[in-house]
K.L.:
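Let me give you the structure first, and then I'll get to my questions.
Just so we're clear, the structure is a prediction, and the values are computed from it rather than from any experiment. Atoms considered below: every heavy atom in the structure, side chains included; atoms not considered: hydrogens, waters and symmetry mates.
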Amino acid sequence: MHRYLPHTPDDIEQMLSRCGMKSLDELYADVPEEFRSKCPHSDARPASDPEIRRVFDELGARNRRLTCFAGGGYYDHFTPAVIPSLLQRSEFLTAYTPYQPEISQGTLQYIFEYQSMMASLTGMEVSNASMYDGTTATAEAMLMAVAASRKRNRVLISQTVNPAVRRVVATYAHYHGVQLDEIPEENGVTSRAALDRMLADGDVAGVIVATPNYYGILEDYTGWADACHAAKALLIMNCVAADLAAIRTPGEWGADIAVGDAQSLGMPLHYGGPYLGFLCASKALIRKMPGRIVGATTDADGRRVFVLTLQAREQHIRRDKATSNICSNQGLMALHTVIYLSLLGSVGLREAADQGAAGAHYLASQLEATGAVRLTYPEQPFLNEFAVTCSFPVDRLMTLAIENEIFCGIRLDDHRLLIAVTEQRTRQEMDRLVELVKTAAAE
């Protein structure tokens, strides 16, 4: 039936029998009918290289390339041309888990460099390499906190953490028997009074907060680490990686674990991936970290070499006690991060962050000047992302903006919009968005 699938009709029959099924239709009965293929795939005629390219060019032309003012955890940053050129080299593109250090020194070295750079960026002592994305990295951090506490299985998460992250963390918590409670927000920031009340119960393993938070606000976490540690809980910070070049790092706040998505380090939006989750922590937690950790040592001749290190025996023997083993496909994205950070350096990272912040504050002031938009949280500091409240329905602006090739932000509710500005956005693009706001308000 499918020439490139290895299962024979006999193989399929045996598998269906083991599942107690009589047919493939019965196996997929739970899949809604509207999502199931209605006709077999047609066999295309042979085509030349130019013909194939034209087909895919026509398909690609159907995508609308909008000027992006949306953020919410994923941002339109510039990708230097050298990165895809290097990533497509065969020794990187086809590399797999480097179990044999003798022939994997290149892969092991860039993983080691990734760990070093991410530890420096977050202000933490150690980093793994790496996780699938920022949401699952945060969920893994939650499990680390529970494992470190041993007898506690309650974790607190702020309502100002990205809703997508909270949903994934909740899913992990449900299937790992973790009690997950939300710390309420007040005026766009996490309630410190509520945190203190919840910590006073004495059964909390970890606390998850965000910097910047979902609304782009830079929350003040002074004393939070001390409060968590006094209650014998770990402080976990979900971060936007690129922003750490300009704001106080999790290490400076006293956090035990720093997690988030590294997409902001020059990874194209690509309609949702592939991205990269980072997880950095204090040295005391290194044996609780999921993923791989590469270390540097010397060989018999005294030369510097790199090896996979600190793999607990549970990873291979006591599987029910093992941490998550995230490996091959994330190696390529870790390399992407290494090249990006090497190209920009600390000065370039800060410059990109400063440009985004300057653009965001300019746009916010121009939007307020229209009289139809106001900052939702005017007294709260922000870097390059902010929430606004409109005097008119947000849907009206979003429809009008898309008609003019602009994705103006993320809809929070009927009258609130979340807007982000990166170094990619020009003054002309921002002014164009302001004009569209005036038009939407006048309708």
K.L.:
Are Thr337 and Met333 close enough that some pair of their side-chain heavy atoms sits under 4.5 Å apart?
P.N.:
no
K.L.:
Just how far is it from atom CG of Asp395 to atom CG of Asp413, taken to the nearest 0.5 Å?
P.N.:
10.0 Å
K.L.:
Where do Ala258 and Met124 come nearest, in terms of heavy atoms and distance?
P.N.:
CB-CG, 3.9 Å
K.L.:
For the residue pair Val373 and Cys390, what are the closest heavy atoms and their distance?
P.N.:
CG2-SG, 4.1 Å
K.L.:
For a quick test of your reading: what N or O donor-acceptor pairs under 3.5 Å do the side chains of residues 60-72 make, sequence neighbours left out?
P.N.:
{"residue": "Arg64", "atom": "NH2", "partner": "Ile402", "partner atom": "O", "Å": "2.8"}
{"residue": "Arg64", "atom": "NH2", "partner": "Glu405", "partner atom": "OE2", "Å": "2.9"}

K.L.:
Taking all heavy atoms of Thr370 and all of Leu367, pick out the closest pair and write down the distance.
P.N.:
OG1-O, 2.5 Å
K.L.:
Run the ring pair (Phe, Tyr, Trp, His ring centres under 6.0 Å) test against Tyr75 and tell me which residues pass, sequence neighbours left out.
P.N.:
none
K.L.:
Checking side-chain contact (heavy atoms from CB on, under 4.5 Å) between Tyr214 and each of Val165, Thr160, Leu412, which is the one that passes?
P.N.:
Leu412
K.L.:
Does the separation of the ring centres of Tyr215 and Tyr377 fall below 6.0 angstrom?
P.N.:
yes
K.L.:
Return yes when atom CD of Glu91 has more than 12 non-hydrogen atoms of other residues, nucleotides or ligands closer than 6.0 Å, and no otherwise.
P.N.:
yes
K.L.:
Of all the heavy-atom pairs spanning Arg166 and Ile157, show the shortest one and how long it is.
P.N.:
CG-CD1, 3.9 Å
K.L.:
How about Arg89: does its CZ atom have over 12 heavy atoms from other parts shown lying under 6.0 Å from it?
P.N.:
no
K.L.:
What is the distance from atom CE of Met198 to atom CG of Leu156, rounded to the nearest 0.5 Å?
P.N.:
4.5 Å
K.L.:
At what distance, to the nearest 0.5 angstrom, does CE of Met131 lie from CG of Leu276?
P.N.:
10.0 Å
K.L.:
Is the Tyr221 ring parallel, tilted or perpendicular to the Trp224 ring (thresholds 30°, 60°)?
P.N.:
perpendicular
K.L.:
Would you say Thr298 and Val305 make side-chain contact, with heavy atoms under 4.5 Å?
P.N.:
no
K.L.:
Please check: side-chain N/O of Glu429 versus main-chain N/O of Thr426, any donor-acceptor pairing under 3.5 Å?
P.N.:
yes
K.L.:
Excluding sequence neighbours, so at least two apart, what forms side-chain contact (heavy atoms from CB on, under 4.5 Å) with Phe56?
P.N.:
Ile52, Leu59
K.L.:
Under the criterion side-chain contact (heavy atoms from CB on, under 4.5 Å), I'd like the reasoning laid out for Phe386 against His361: C-alpha separation, chi angles, the key distance, then a yes or no.
P.N.:
CA-CA 9 Å; Phe386 56 94; His361 284 80; over 6 Å; no
K.L.:
With a 4.0 Å cut-off, would you call Asp76 and Arg425 a salt bridge?
P.N.:
yes
K.L.:
Rounded at 0.5 Å granularity, tell me how far CD in Gln105 sits from CZ in Arg304.
P.N.:
10.0 Å
K.L.:
List the atom pairs, donor and acceptor, that lie under 3.5 Å between side-chain atoms in residues 228-244 and the rest of the protein, sequence neighbours left out.
P.N.:
{"residue": "His229", "atom": "ND1", "partner": "Ala225", "partner atom": "O", "Å": "3.2"}
{"residue": "His229", "atom": "NE2", "partner": "Asp256", "partner atom": "OD1", "Å": "3.2"}
{"residue": "His229", "atom": "NE2", "partner": "Asp256", "partner atom": "OD2", "Å": "2.8"}
{"residue": "Asn238", "atom": "ND2", "partner": "Thr138", "partner atom": "OG1", "Å": "2.8"}

K.L.:
Would you confirm whether Ser191, through its side chain, and Pro184, through its main-chain N or O, come within 3.5 Å as a donor-acceptor pair?
P.N.:
no
K.L.:
If a pair satisfies side chain to side chain donor-acceptor pair (under 3.5 Å) and one of its residues is in residues 142-151, list it, with sequence neighbours excluded.
P.N.:
none
K.L.:
Restricting to salt bridge (charged side-chain N to carboxylate O under 4.0 Å, His left out), what partner residues turn up for Glu186, sequence neighbours left out?
P.N.:
none
K.L.:
Quick one: does Arg152's side chain have a donor or acceptor within less than 3.5 Å of a partner on Val204's backbone?
P.N.:
yes
K.L.:
Taking Glu125 for the side chain and Lys283 for the main chain, is one N or O donor matched with an acceptor at less than 3.5 Å?
P.N.:
yes
K.L.:
Can a donor-acceptor pair be found between the side chains of Arg432 and Asn404 at a distance below 3.5 Å?
P.N.:
yes
K.L.:
Would Ile293 and Val126 count as a side-chain contact (heavy atoms from CB on, under 4.5 Å) if you check the C-alpha gap in whole Å, the side-chain angles of each, and the deciding distance to 0.1 Å?
P.N.:
CA-CA 9 Å; Ile293 297 173; Val126 293; over 6 Å; no
K.L.:
Check step by step if side-chain contact (heavy atoms from CB on, under 4.5 Å) holds for Ile247 and Leu383.
P.N.:
CA-CA 8 Å; Ile247 66 176; Leu383 187 66; 4.2 Å; yes
K.L.:
Is it true that a side-chain atom of Thr171 and a backbone atom of Arg167 form a donor plus acceptor pair closer than 3.5 Å?
P.N.:
yes
K.L.:
If we check side-chain hydrogen bond (donor to acceptor under 3.5 Å, both in side chains) with Thr190, which of these qualifies: Glu219, Glu182, Gln159, Glu185?
P.N.:
Glu219
K.L.:
Using the rule given for side-chain contact (heavy atoms from CB on, under 4.5 Å), can you reason through Asp414 versus Val394, listing the C-alpha separation, both sets of side-chain angles and the distance that settles it, and then say yes or no?
P.N.:
CA-CA 6 Å; Asp414 289 346; Val394 163; over 6 Å; no
K.L.:
To the nearest 0.5 Å, how far apart are CD1 in Ile406 and CE in Met398?
P.N.:
12.0 Å
K.L.:
Just checking, is any N or O donor in the side chain of His77 or Glu423 under 3.5 Å from an acceptor N or O on the other one?
P.N.:
yes
K.L.:
Distance-only, no hydrogens or angles: does the Ser120 side chain make a donor-acceptor pair with backbone N or O of Ser116 under 3.5 Å?
P.N.:
no
K.L.:
Could you list all the side chain to side chain donor-acceptor pair (under 3.5 Å) pairs where at least one residue sits in residues 26-36, not counting sequence neighbours?
P.N.:
Asp25-Arg36
K.L.:
Does Arg350 have any salt bridge (charged side-chain N to carboxylate O under 4.0 Å, His left out) partners at least two apart in sequence or in another chain, and if so, which?
P.N.:
Asp354
K.L.:
Knowing that exactly one of Ile419, Asn384, Asp431, Val388 qualifies, which makes a side-chain contact (heavy atoms from CB on, under 4.5 Å) with Leu363?
P.N.:
Ile419
K.L.:
Under the ring pair (Phe, Tyr, Trp, His ring centres under 6.0 Å) rule, what pairs show up with a residue in residues 390-416, not counting sequence neighbours?
P.N.:
none
K.L.:
From His336 NE2 over to Ile339 CD1, what is the distance, rounded to the nearest 0.5 angstrom?
P.N.:
7.5 Å
K.L.:
For the pair Asp261 (side chain) and Ser264 (backbone), establish whether a donor and an acceptor sit closer than 3.5 Å, ignoring hydrogens and angles.
P.N.:
no
K.L.:
Please determine whether a side-chain nitrogen of the Lys or Arg among Arg154 and Asp203 lies less than 4.0 Å from a carboxylate oxygen of the Asp or Glu.
P.N.:
yes
K.L.:
Quick one: side chains of residues 268-275, donor-acceptor pairs under 3.5 Å with protein atoms, not counting sequence neighbours, listed by atom name and distance.
P.N.:
{"residue": "Tyr275", "atom": "OH", "partner": "Leu269", "partner atom": "O", "Å": "2.5"}

K.L.:
In chain order, what residues pass the ring pair (Phe, Tyr, Trp, His ring centres under 6.0 Å) check against Tyr340, with sequence neighbours excluded?
P.N.:
none
K.L.:
If we ignore hydrogens and angles and just use 3.5 Å, is the side chain of Asn128 paired with the main-chain N or O of Pro290 as donor and acceptor?
P.N.:
yes
K.L.:
Between Tyr110 (side chain only) and Phe92 (backbone N and O only), is there a donor and an acceptor less than 3.5 Å apart?
P.N.:
no
K.L.:
State which residues pass salt bridge (charged side-chain N to carboxylate O under 4.0 Å, His left out) with Asp299; sequence neighbours excluded, sorted by chain then number.
P.N.:
Arg303
K.L.:
Looking only at heavy atoms, which two atoms of Pro98 and Leu108 are closest? And how far apart?
P.N.:
CG-CD2, 3.6 Å
K.L.:
To check you understand the geometry: which heavy-atom pair defines the closest contact between Thr122 and Thr249, and what is its length?
P.N.:
O-CB, 3.2 Å
